[in-house]
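Quick notes on the structure that follows.
Computed from heavy atoms alone, side chains included, the values below leave out hydrogens, waters and symmetry copies. Computed from a prediction, not measured in an experiment: that's the story for all the values here.
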Amino acid sequence: QVQLEESGGGLVQAGGSLRLSCVASGNTFSSYAMGWFRQAPGKEREFLATITWDGGSTNYADSVKGRFTISRDNAKNTVYLQMNSLRPEDTAIYYCAAGSSGVERGVYDYWGQGTQVTVSS
């Protein structure tokens, strides 16, 4: 069992940056791939980025490639999402997830409660 807790969301102006963190409980964090998703009002939950258990490989959605960076620190049981050049359309609730590496929601077994990111124009 893994419990995930996101933090770092908030209100930022367009063009600004935020860094989200997701801390995992337990001692199995390093055995999971991690992903970040987001969900805007009235929309489906959208894949953003994933990172393998050892941080050796990452994958991004086209919508965030070049602007967002996923990373992890297994010693701290934490995965990060650095978000730069934020746009109003990035406004959403952001979720981290633990499971197998992939872009589909179904490959992730554990989810956090989410953190709100709001980008003003």
Side-chain angles (χ1 to χ4, degrees):
Q1 190 77 7
V2 176
Q3 292 185 323
L4 304 172
E5 182 172 1
E6 304 94 338
S7 62
L11 174 64
V12 64
Q13 288 188 333
S17 298
L18 283 174
R19 188 176 82 155
L20 305 183
S21 299
C22 172
V23 179
S25 65
N27 57 4
T28 60
F29 174 77
S30 62
S31 65
Y32 290 99
M34 299 296 296
W36 284 97
F37 290 73
R38 70 185 177 191
Q39 188 165 16
K43 294 189 176 182
E44 294 287 320
R45 193 167 295 190
E46 172 191 15
F47 165 78
L48 299 177
T50 187
I51 187 167
T52 52
W53 67 274
D54 62 349
S57 180
T58 58
N59 187 28
Y60 296 91
D62 288 343
S63 59
V64 303
K65 196 173 296 183
R67 299 190 299 126
F68 291 9
T69 302
I70 188 171
S71 61
R72 68 189 296 161
D73 185 339
N74 286 347
K76 296 182 178 180
N77 279 13
T78 302
V79 63
Y80 305 97
L81 186 68
Q82 177 67 43
M83 306 187 296
N84 299 328
S85 303
L86 284 163
R87 306 165 180 167
E89 54 265 38
D90 293 319
T91 295
I93 299 174
Y94 283 67
Y95 299 89
C96 68
S100 301
S101 183
V103 305
E104 298 294 330
R105 286 177 290 172
V107 304
Y108 295 92
D109 300 311
Y110 304 101
W111 293 82
Q113 292 299 306
T115 185
Q116 176 71 47
V117 171
T118 303
V119 184
S120 63
S121 57

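In this structure, S63 and E46 have side chains that are in contact, with non-hydrogen atoms separated by less than 4.5 Å. Residues N59 and V103 form a side-chain contact, since some pair of their non-hydrogen atoms from C-beta on lies under 4.5 Å apart.
Salt bridge annotation for E44-R105: present, with a cationic side-chain nitrogen under 4.0 angstrom from a carboxylate oxygen. Using a 4.0 Å cut-off between charged side-chain N and carboxylate O, R38 and D90 make a salt bridge.
For the residue pair T91 and V119, the shortest heavy atom distance occurs at OG1-N, 2.9 Å. Considering all non-hydrogen atoms of both residues, E6 and G114 come closest at OE1-N, 2.8 Å. Heavy atoms only, all atoms of each residue included: Y60 and A49 are closest at CD2-CB, 3.6 Å. Heavy-atom minimum distance, F47 versus A61: O-CB, 3.3 Å. Closest non-hydrogen pair, S120 versus L11, comes out as CB-CD1, 4.3 Å. Nearest heavy atom pair, residue S101 against residue T50, reads OG-OG1, 3.8 Å.
Ring-plane geometry between Y95 and W111 is classed as perpendicular, the angle between the planes exceeding 60 degrees on a 0 to 90 degree scale with a lower cut at 30.
Rounded to the nearest 0.5 Å, atoms CD (Q113) and OG (S7) are 13.5 Å apart. In this structure, the separation between CG on L81 and OG on S21 is 9.5 Å, given to the nearest 0.5 Å. Within the model, atoms OG of S31 and CG of D54 stand 12.0 Å from one another, a figure rounded to the nearest 0.5 Å. The CE atom of M34 sits 9.5 Å away from atom CG of N74, with the distance rounded to the nearest 0.5 Å. Summarising the geometry, atom CZ belonging to F68 is positioned 9.0 Å from atom OG belonging to S85; distances are rounded to the nearest 0.5 Å. Between atom CZ of residue R19 and atom OG1 of residue T69 there is a gap of 11.5 Å, rounded to the nearest 0.5 Å.
Taken together through direct or relayed side-chain contacts under 4.5 Å among Ile, Leu, Val, Met, Phe, Trp and Tyr, L20 and I51 form part of one hydrophobic cluster. Two different hydrophobic clusters hold F37 and I70 under the rule that ILVMFWY side chains link at heavy-atom gaps under 4.5 Å. Tracing side-chain contacts under 4.5 Å through hydrophobic residues (I, L, V, M, F, W, Y), one reaches V12 starting from M83; they form part of the same cluster. At a threshold of 4.5 Å between side-chain heavy atoms, the hydrophobic network of Ile, Leu, Val, Met, Phe, Trp and Tyr places L4 and W36 in one connected group. Each of V23 and V2 belongs to its own hydrophobic cluster when Ile, Leu, Val, Met, Phe, Trp and Tyr are linked at side-chain heavy-atom distances under 4.5 angstrom.
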Derivation and outcome, side chain to side chain donor-acceptor pair (under 3.5 Å), residues S17 and N84: CA-CA 4 Å; S17 298; N84 299 328; 2.9 Å; yes

Would you please test Q39 and Y94 for side chain to side chain contact (heavy atoms under 4.5 Å, CB included) and show each step? CA-CA 7 Å; Q39 188 165 16; Y94 283 67; over 6 Å; no

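Around the CD atom of Q3, the shell of radius 6.0 Å holds no more than 12 heavy atoms that belong to other residues, nucleotides or ligands. The number of heavy-atom neighbours closer than 6.0 Å to NZ of K65, taken from other residues, nucleotides and ligands shown, is above 12. For Q116, the CD atom counts as densely surrounded, since its 6.0 Å shell holds more than 12 non-hydrogen atoms of other residues, nucleotides or ligands.
Checking side-chain atoms of N77 against main-chain N and O of G26 turns up a donor-acceptor pair under 3.5 Å.
Annotation: cation-pi pair R72/F29 present, NZ/CZ under 6.0 Å from the ring centroid and within 45° of its normal.
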